[in-house]
Amino acid sequence: MSADGYDHETVERRWQEAWADADVYRTPDDATDPAYVLGMYPYPSGELHMGHVRNYTITDAYARYLRMSGEEVLHPMGWDAFGLPAENAAKERDTNPREWTEECIARMKGQMESMGFGYDWEREITTCEPDYFRWNQWLFSRFHEEGLVSRRDAEVNWCPSCETVLADEQVELEDGVEICWRCDTPVTQRELSQWFLEITRYADELLDAIDGLEGWPDPVRGMQRNWIGRQYGTRLPFEIGEAPGASDEDDTGSTEYGTVEAFTTRADTVFGATFFALAPDHPISETVAEDDPEVRRFVEEEADPEGDEPNGVRTDLTATNPVTGEELPVFVADFVLSDVGTGALMGVPGHDDRDHAFAEKRDVPIEPVVAPVPDDWNPDSGTVPDAPDVSESAFTDDGVLVNSEEYIGLESEAARERITADTEGAEEATQYRLRDWGISRQRYWGTPIPVVHCESCGPVMVPDEDLPVELPEFVNTTGNPLDAAEEWKETTCPDCGAEAERETDTMDTFVDSSWYFLRYVSPDIESAPFDVERANDWMPVDQYVGGIEHAVMHLLYSRFFTKVLADHEGLEHREPFTDYLAQGMVLLDGSKMSKSKGNVVSPQEIVAEYGADTARLFMMQAAQPERDFDWSEEGVRSTHAFLNRLRGMVESFVEDDPDGDDDAVASYVESEIAATVAIATEEYEELTFNRATREAQDLVRTLRQYADYTEPHAETYERGLAAVVRLLAPVAPHLTEELHDELGGEGFVAEADWPDSDADREHAEHRRRLVENTRGDVRDIIEVAGIDDPERIELAVAPDWTYRALEVALESESPNLIGDLMGVEEIREHGDAAADYGQDLQAGREALEPTLAREEERAALESAAWLIEREFDAPVRVVDADPDAGDAEPGRPAIEIVE
RNA sequence: GCGAGGGUAGCCAAGCGGCCAACGGCGGCGGACUCAAGAUCCGCUCUCGUAGGAGUUCGUGGGUUCGAUUCCCUCCCCUCGCACCA
């Protein structure tokens with residue numbers, strides 16, 4: 001391939017070295033509020049894949065654009081270096097995670113450099129290094145001090161054979177049985193003491209502040225809102241007791257289980273409650289199960305919270321409806337989840353689909369208590385709509401209350417408020433779907449949780465001066481290697497000095513990534529995780545780019561950390577990322593590239609064959625950054641051909657300076673250069689590199705046609721080439737660096753000034769359209785008239801008065817224009833022509849648009865005449881139309897073709 | 001089920017009230033250049049017609065409007081996220 005292309009390898013290496021030598025991408029510590037452009041740091045798997053290349057080309061192109069525009073730029077890179085894959089790889093290869101990770105990082109860093117990504121490597125961070133993760137530990141202690149850390153039991157997936165905890169992704173489903181991915185042993189659930197960060201305390205702010213994240217895509221904002229899932233409702237107290245006669249032992253037990261609160265968003269349906277249900281692991285269910293074999297059997301064997309069918313078993317208990325006083329049967333049911341609401345609910349089969357299904361199955365009464373609002377509903381009329389038929393399916397919308405005693409006739413919303421206010425013990429309550437963040441991981445390759453367990457003091461934080469708690473040497477064992485590291489575990493209690501044991505869990509790696517963007521600001525600081533003052537100046541990240549798969553967790557955790565740091569560590573920003581771009585996927589034949597499917601295009605191979613610039617430019621022009629697109633070998637080749645052509649043009653220009661005149665053609669090219677620069681700049685601002693690069697490519701075509709048509713004016717032509725080189729520099733940095741050099745440019749193009757242009761985009765687009773329309777008209781006429789060989793072509797620009805008339809028409813508000821038009825002397829004097837044109841304007845009134853001014857139009861046509869001459873091989877003249885002929889209009893010259 | 005985003009010519013894809021038979025690219029066809037191939041350049045590429053022109057189109061069916069690919073509603077399909085969430 002390089003036989004007919006340039007030697008990209010040499011070119012790329014030359015400039016990569018030159019950039020490194022000159023520290024082009026360094027951001028000095030004394031920079032003032034640099035533009036912070038950041039791509040999500042990668043997990044060091046060892047291979048850069050297309051998704052990475054796309055992600056980092058976007059940030060690199062944007063960072064380069066900003067740098068050329070005169071901004072100071074912060075564009076760092078690092079490694080999300082902790083995580084399970086390294087641990088597994090180490091086991092397989094009989095090495096240790098550290099070595100493995102280091103090798104991967106070295107390899108990927110080399111690949112990044114070969115792509116020409118301009119990072120400030122002085123700011124590189126690696127989360128598995130003690131210099132980094134000690135601050136995870138330090139932050140954990142700060143969170144603890146602020147009461148944002150708690151420890152409680154939680155269920156985890158446990159493999160009895162491997163003796164380890166499994167992440168959800170490591171549990172496979174086979175024939176409905178959850179098994180360990182490694183040894184196929186059925187997975188069990190285990191309660192372990194886990195550490196939690198109390199993100200729920202920030203739930204309201206995390207939710208409400210989403211409204212302010214205007215630079216985030218709406219779907220992501222929606223996903224976060226959804227994830228937090230705030231719901232307003234009512235907490236209702238239900239007295240639980242044994243049903244009369246259910247037990248012959250005693251009659252006193254009607255309140256022996258006390259009050260259970262149930263959360264509901266539909267307090268207006270409380271009169272329709274016909275049963276009450278408890279989660280299988282609710283304390284009362286567990287107590288009942290001890291004596292009631294049926295309940296025990298259900299809890300232990302039948303309950304299937306994952307299944308679609310609502311199952312349940314009736315107990316001997318009843319629950320007293322706090323509003324009606326009615327005694328409701330109590331079920332233990334598997335669709336009631338202990339971590340949703342209070343783990344107990346009132347069942348309203350008439351107005352809830354799931355309750356309806358359950359009621360049918362267990363033969364529980366179904367009562368309608370809310371009716372649809374009638375079309376002609378008048379709340380003051382005293383009439384009450386008929387109750388709906390809910391025997392077949394529930395009516396789940398809000399409506400008007402029926403069968404609800406004193407609340408009959410109220411609309412749902414009002415009824416909820418009244419019922420909540422009137423009922424003793426009821427109160428408004430807010431529910432969240434968001435849970436506290438369990439960060440304990442029973443694994444080796446992570447940040448040790450800095451806690452010591454002392455028999456008398458309990459869990460005690462490791463004092464700051466003893467941080468970091470480093471990892472012991474890796475041992476290949478079945479369970480958690482930290483558990484096996486006896487010597488490491490053994491320590492003394494920081495409080496009482498007694499013998500104690502270290503916490504053997506490590507932190508979720510999302511902790512690492514929740515603040516890494518702050519560490520780049522001052523990667524070497526030894527006294528704090530980050531330099532607060534500098535972070536206040538440099539943060540937030542102005543443009544963040546990364547995969548949509550992190551739309552919830554990583555971004556939410558980062559927002560949470562940022563808010564905590566703002567509240568307690570002097571950070572003056574409450575949000576980490578101003579603008580966030582979720583880049584689309586690179587597909588192959590319409591489906592996601594994946595190793596397991598074997599449909600992968602390796603960036604390394606593309607770079608070897610076509611070069612980094614081709615790979616980068618192809619990706620950026622293929623689609624908008626947020627869109628998925630298909631990888632296409634054809635597209636890559638045509639991109640490569642384009643770069644070669646551009647290089648050829650620059651070379652022949654340098655070898656042999658043209659000496660054409662600064663004529664009309666040159667002025668056309670000149671104005672196209674200005675238009676291209678203006679439009680491409682706007683597109684770069686918007687990160688729509690596909691449109692920006694298309695503009696640059698179109699300009700190359702114009703320049704080529706120019707040189708093809710005539711001997712170009714050297715200065716104009718060179719200005720065009722230089723503009724293209726700069727406009728493409730952010731995306732194809734190596735070749736443009738080379739071409740910049742060949743054109744005699746000073747310094748690096750990477751540091752050159754972004755071209756400026758005083759062209760107005762709208763004006764330029766009008767001009768382009770005028771030229772396009774005129775060419776099309778000429779083409780039509782030649783075709784229709786059957787002209788084989790035109791002798792000359794005349795373009796007659798409409799007379800002055802027509803422009804005046806258009807102007808009047810645009811401003812006029814009267815129902816008929818003609819009067820307004822005829823009120824103007826210079827129009828009226830053109831008699832029939834004016835009347836005709838006036839009719840046209842009136843007819844097309846709603847669709848009128850301003851055009852170029854007459855002189856601009858004339859100049860545009862004169863400078864574009866060569867395109868028509870070139871196409872039809874006949875001389876073109878621009879003339880003034882006969883002022884009374886009426887066949888030319890603004891934006892539409894009259895065309896005469898002489899055969 | 002709920003929420004979000006989509007469905008445009010052979011394919012990808014822009015347009016998001018009048019310049020729309022609908023930008024651009026790919027593919028296809030024809031031509032120029034070449035000994036030839038490639039690259040490059042110039043046309044054509046919904047249907048009928050030599051052409052003027054006519055007809056049928058922007059998921060489906062309605063509606064608003066002088067006028068809809070563009071706005072509103074119904075339904076169908078696709079993608080993504082959430083989901084026995086009380």
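The chains referred to below are lettered A, B, ... by the order of the sequence lines, with proteins before strands, and numbering in each begins at 1.
Between the P atom of B:C80 and the CD atom of A:E626 lies a distance of 18 Å, rounded to the nearest Å. If you take CG of A:N690 and C1' of B:C12, they are 13 Å apart, rounded to a whole angstrom. Put simply, CZ on A:R694 is 12 Å from C1' on B:C12, counting in whole angstrom units.
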Problem set entry | 5'-to-3' dot-bracket of RNA chain B (Watson-Crick, G-U; under 3.5 angstrom; crossing pairs as [ ]; | other strand) | ((((((((.[[[..)..(.....]]]((((((.......))))))(((....)))...[.[[[..)....]]].])))))))....
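Comparing B:C75 with B:A22, their P atoms sit 34 Å apart, to the nearest whole Å. To the nearest whole angstrom, the two C1' atoms, one in B:C41 and one in B:G59, are 39 Å apart. For the C1' atoms, the distance from B:A14 to B:A83 is 36 Å, rounded to whole Å. When the C1' atom is compared between B:C46 and B:G6, the two are found 24 Å apart, to the nearest whole Å. Nucleotides B:U60 and B:C77 place their P atoms 15 Å apart, quoted to the nearest Å. Separation of the C1' atoms belonging to B:G7 and B:G61 is 16 Å when rounded to the nearest angstrom. The separation of B:C58 from B:A21, taken at their P atoms, amounts to 14 Å, rounded to a whole angstrom. Between B:G17 and B:U70, the two P atoms lie 10 Å apart (nearest whole Å).
Every residue was checked against the side chain to side chain donor-acceptor pair (under 3.5 Å) condition with A:Q431, not counting sequence neighbours, and none meets it. Legend: residues meeting salt bridge (Lys or Arg N to Asp or Glu O under 4.0 Å) with A:D397, ordered by chain and number and at least two apart, are absent. With sequence neighbours excluded, no residue forms a salt bridge (Lys or Arg N to Asp or Glu O under 4.0 Å) with A:E367. With sequence neighbours excluded, no residue forms a side chain to side chain donor-acceptor pair (under 3.5 Å) with A:S652. Residues satisfying the ring-ring contact (aromatic ring centres under 6.0 Å, His included) test with A:Y580, not counting sequence neighbours, are A:W216. Qualifying salt bridge (Lys or Arg N to Asp or Glu O under 4.0 Å) partners for A:E413, counting only residues two or more places apart in sequence or in other chains: A:R416. Applying the side chain to side chain donor-acceptor pair (under 3.5 Å) rule to A:R767 yields the partners A:S671, A:E672; only residues at least two apart in sequence or on another chain are considered.
No salt bridge links A:D208 with A:R225; every basic N to acidic carboxylate O contact stays at or beyond 4.0 Å.
Ring orientation note: the planes of A:F358 and A:F275 are tilted relative to one another, at an angle of 30° to 60°. Aromatic ring pairs are classed by plane angle as parallel below 30°, tilted from 30° to 60° and perpendicular above 60°; the pair A:F653 and A:Y717 is tilted. Ring-plane geometry between A:W866 and A:Y709 is classed as tilted, the angle between the planes lying from 30 to 60 degrees on a 0 to 90 degree scale.
In the model, A:T614 has no side-chain atom that pairs as donor or acceptor with a side-chain atom of A:T639 under 3.5 Å.
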Extract from the structure each pairing of a protein N or O with an N or O of nucleotides 2-11 of chain B at less than 3.5 Å, listing the distance.
none

Can you name the atoms? Protein N/O to nucleotides 13-17 of chain B N/O, anything below 3.5 Å, with the distance.
residue: B:A14; atom: OP1; partner: A:R627; partner atom: NH1; Å: 3.2
residue: B:A14; atom: OP1; partner: A:R627; partner atom: NH2; Å: 2.8
residue: B:A14; atom: OP2; partner: A:R627; partner atom: NH2; Å: 3.2

Pairwise N/O distances under 3.5 Å, protein to nucleotides 83-86 of chain B:
residue: B:A83; atom: OP1; partner: A:R433; partner atom: NH1; Å: 3.0
residue: B:C84; atom: O2'; partner: A:R354; partner atom: NE; Å: 2.1
residue: B:C84; atom: O2; partner: A:D308; partner atom: O; Å: 3.3
residue: B:C84; atom: N3; partner: A:G307; partner atom: O; Å: 3.3
residue: B:C84; atom: N3; partner: A:D308; partner atom: O; Å: 3.2
residue: B:C84; atom: N3; partner: A:E309; partner atom: O; Å: 3.4
residue: B:C84; atom: N4; partner: A:D304; partner atom: O; Å: 3.2
residue: B:C84; atom: N4; partner: A:G307; partner atom: O; Å: 2.8
residue: B:C84; atom: N4; partner: A:E309; partner atom: O; Å: 2.7
residue: B:A86; atom: OP1; partner: A:Q231; partner atom: NE2; Å: 2.5
residue: B:A86; atom: OP2; partner: A:Q231; partner atom: OE1; Å: 2.6
residue: B:A86; atom: OP2; partner: A:Q231; partner atom: NE2; Å: 3.2
residue: B:A86; atom: O3'; partner: A:F263; partner atom: O; Å: 3.1
residue: B:A86; atom: O3'; partner: A:T264; partner atom: N; Å: 3.4
residue: B:A86; atom: O3'; partner: A:T264; partner atom: OG1; Å: 3.3
residue: B:A86; atom: O3'; partner: A:T265; partner atom: N; Å: 2.6
residue: B:A86; atom: N7; partner: A:V340; partner atom: O; Å: 3.3
residue: B:A86; atom: N6; partner: A:L337; partner atom: N; Å: 3.1
residue: B:A86; atom: N6; partner: A:L337; partner atom: O; Å: 2.5
residue: B:A86; atom: N6; partner: A:V340; partner atom: O; Å: 2.8
residue: B:A86; atom: N1; partner: A:F335; partner atom: O; Å: 3.4
residue: B:A86; atom: N1; partner: A:L337; partner atom: N; Å: 3.2
residue: B:A86; atom: N3; partner: A:R354; partner atom: NH2; Å: 3.4

Contact list (N/O, under 3.5 angstrom) for nucleotides 38-42 of chain B vs protein:
residue: B:U40; atom: OP1; partner: A:R645; partner atom: NH2; Å: 2.7
residue: B:C42; atom: OP1; partner: A:Q705; partner atom: NE2; Å: 2.7

Problem set entry | Check against side-chain contact (heavy atoms from CB on, under 4.5 Å), A:M619 and A:V586 | CA-CA 9 Å; A:M619 283 207 174; A:V586 184; 4.2 Å; yes
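For the side-chain contact (heavy atoms from CB on, under 4.5 Å) test with A:H356, the passing option among A:I366, A:T396, A:V348, A:V364 is A:I366; the others fail.
Annotation for A:R435: atom CZ counts as buried by contact number, over 12 foreign heavy atoms lying within 6.0 Å. With a 6.0 Å radius and a threshold of 12 heavy atoms from other residues, nucleotides or ligands, A:E682 has its CD atom above the threshold.
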